[in-house]
Amino acid sequence: MNGTKPQGMIKIRRLGSTGSEAVFATTDIPRGTRLAAEIPLVIVPPVSEKEELADFCKAIDQLPEDKLAEIAELLCRASLAESIKNNEYVRYQVRGFYKAKKWKDGQGNLRQGKKLQKFVKRTLYLYAIYLMNNVQLGPGGKYGSGIFSLYSRISHSCVPNAHSSWNPTMERLTIHATRDLKTGDQIFVDYTGNVCRTRQQRAFSLFTKWGITCKCAACTDPKIDQLRYRMLVVDQALAAYTCGASREPNFSAVHRIPQIETAKKALEAAEELVQLLKRQDLNGMELCRVFRECSQYAFDDGAFGKAIDYARKELELEKLLLGTETAHLKDDFQGAKYWVKHIQKKITKTHFG
């Protein structure tokens, strides 16, 4: 993909002489707009880490040359590519895959020697690209992992202005604006998927997998990092309350986080977390999750009006982040639409038996 390629409301642009690319808005874009719904270049099914390489080989073996070439255009750290190239175990596995299938060329001749080595070398490079650019499809890679041409060119920020999510109902990776964008704004997503972390925690994850040293406001402004630390503390306290750990004796002294023992206190803490997220314009799925927690804690505390109000706030935000194609979120009331109906029924049952 050379130069600038239009993508509707957004475009891909090269950044200086580095050869790296980024994605920019070509027009003013309102919050909640779907910027893209992207089909993966390749999908690797959900497998163990041990089986991932073999399944990757199987997946790319089925791709036409134009798709392989498109994957090869994606960014890959030179150190990662070199590490994979020099990994004897990985080379052995890839070479073994092609030998086992007795791969032949277009004339029916068995690929071996230099011809085989050429394809092994290419597969190793494509695997390095996959390791750097793959996206988990669904929570914990429930639907596998994939590589996406457009998404792979969107840069990271710990203060993102867009949200990406795999939608198995559509079989697309959707990308939505989480705030109003102006013409020329660069599009950013959060690679880590968890804003309730300190700068040091985020820095470790970003550098380990992507070789990124983030320079966004959250990583350079100590005041914002203090807010993130508070978010982490509150989030951990709520997690301890939810799983029952906060009932342990001397909980705060041992774990150095607040002890929450009642639904009322949990609601107060969750509402503080909502305000911390909003204060930083963090309008992603973390805010959706905390709205859900507020709804549950309010119900547990008997504040039924608040429970419904927060459930509806979650639904409103979810539509902006995911769209309305959420049939895949029906199980266990994962989707806000289903949670609203569920909490309404629970309140009715509590009132009328």
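As the structure is a prediction and not an experimental result, all values here were calculated from the model. Side chains included, hydrogens not; waters and symmetry mates left out as well; all remaining heavy atoms used.
Looking only at side-chain heavy atoms (C-beta outward), Glu171 and Ile39 stay at 4.5 Å or farther from each other. Using a 4.5 Å cut-off on side-chain heavy atoms (C-beta onward), Gln334 and Tyr338 make no contact. Contact of the Cys214 side chain with the Arg202 side chain is not registered, since no non-hydrogen atoms from C-beta on lie closer than 4.5 Å. The side-chain heavy atoms of Ile343 and Ser295, taken from C-beta on, include a pair separated by under 4.5 Å. Here the side chains of Arg199 and Asp225 are in contact, with some heavy-atom distance below 4.5 Å. At least one side-chain heavy atom of Arg197 sits under 4.5 Å from a side-chain heavy atom of Thr192. For the pair Leu63 and Ile71, the minimum side-chain heavy-atom distance is below 4.5 Å. Within the 4.5 Å cutoff, the side chain of Thr123 has heavy atoms near those of the Cys57 side chain.
Within the 3.5 Å criterion, the main-chain N or O of Ala25 finds no donor-acceptor partner in the side chain of Asp185. A donor-acceptor pair under 3.5 Å is absent between the side-chain atoms of Ser164 and the main chain of Thr174, judged by distance alone. Between the Thr26 side chain and the Met9 main chain, a donor and an acceptor come within less than 3.5 Å of each other. With hydrogens and angles ignored, the 3.5 Å screen pairs no side-chain donor or acceptor of Arg153 with any backbone N or O of Ile12. Listed for the Ser152 side chain is no donor-acceptor partner under 3.5 Å among the backbone atoms of Ser149. Judged by distance alone, the side chain of Thr348 and the main-chain N or O of Gln344 form a donor-acceptor pair under 3.5 Å. Side-chain atoms of Thr178 come within 3.5 Å of backbone N or O of Asn161 as a donor-acceptor pair.
Cluster membership check: Leu322 does not share its hydrophobic cluster with Ile29, using side-chain heavy-atom separations under 4.5 Å among Ile, Leu, Val, Met, Phe, Trp and Tyr. Note: the hydrophobic cluster containing Tyr310 also contains Leu276 (ILVMFWY, side chain heavy atoms under 4.5 Å, direct or indirect links). The cluster map of Ile, Leu, Val, Met, Phe, Trp and Tyr, joined by side-chain heavy atoms under 4.5 Å apart, puts Tyr151 and Phe188 in different clusters. By the rule that hydrophobic residues join a cluster once side-chain heavy atoms approach within less than 4.5 Å of another member, Leu35 and Met170 end up as members of separate clusters. A single hydrophobic cluster is not seen to contain both Ile212 and Val159; linkage of ILVMFWY side chains at heavy-atom distances under 4.5 Å, directly or through other members, places them apart.
A tilted orientation is assigned to the rings of Trp339 and His342, their planes being inclined by 30° to 60°.
Looking at Lys337 and Glu314, no side-chain N of the basic residue comes within less than 4.0 Å of a carboxylate O on the acidic one, giving no salt bridge. Here Lys346 does not pair with Asp300 in a salt bridge; the nearest charged N to carboxylate O distance is not below 4.0 Å. For the pair Arg230 and Glu272, the salt-bridge criterion is met [side-chain N within less than 4.0 Å of a carboxylate O]. Between Arg122 and Glu65 there is a salt bridge, with a side-chain nitrogen of the basic residue lying less than 4.0 Å from a carboxylate oxygen of the acidic one. Using a cut-off of 4.0 Å between Lys/Arg side-chain N and Asp/Glu carboxylate O, Lys313 and Glu316 are scored as not salt-bridged. With respect to Arg289 and Glu293, a salt bridge is recorded, a charged nitrogen being found less than 4.0 Å from a carboxylate O. Salt-bridge formation is not detected for the pair Arg172/Glu38: no Lys NZ or Arg NE/NH1/NH2 atom is positioned less than 4.0 Å from an Asp or Glu carboxylate oxygen.
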Evaluation steps, side-chain hydrogen bond (donor to acceptor under 3.5 Å, both in side chains), between Tyr130 and Glu52: CA-CA 11 Å; Tyr130 166 80; Glu52 186 177 42; 2.8 Å; yes

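By the side chain to side chain donor-acceptor pair (under 3.5 Å) test, Asp180 is found to be paired with no residue, residues two or more places apart in sequence or in another chain being considered.
Looking at Gln186 and Arg13, their side chains never bring a donor and an acceptor atom within 3.5 Å of each other. For the residue pair Ser79/Glu82, the side-chain donor-acceptor check at 3.5 Å is not satisfied.
Residue Glu88 qualifies as open at atom CD: its count of foreign heavy atoms under 6.0 Å is 12 or below. Remark: Asp66 CG is packed, more than 12 non-hydrogen atoms of other residues, nucleotides or ligands lying under 6.0 Å away. Dense packing is recorded around CZ of Phe304, with more than 12 heavy atoms of other residues, nucleotides or ligands lying under 6.0 Å away.
Taking the centre of each ring, Tyr241 and Tyr297 come in below the 6.0 Å mark. Outside the 6.0 Å centre-distance limit, the rings of Tyr98 and Phe119 are not counted as a close aromatic pair.
In this structure, CG on Asn133 lies 11.5 Å from CZ on Phe148, to the nearest 0.5 angstrom. Rounded to the nearest 0.5 Å, atoms CZ (Phe24) and CD1 (Ile10) are 11.5 Å apart. Note that CG of Asp235 and CG of Leu277 are 9.0 Å apart. Values are rounded to the nearest 0.5 Å.
With His176 as the partner, the side chain to side chain donor-acceptor pair (under 3.5 Å) test is satisfied by one option alone out of Lys319, His163, Arg34: Arg34. Of the options Glu325, His328, Lys330, a side chain to side chain donor-acceptor pair (under 3.5 Å) to Thr169 is made by His328 and by none of the others.
The nearest pair of heavy atoms linking Cys196 to Leu232 is O-CD1, 3.2 Å.
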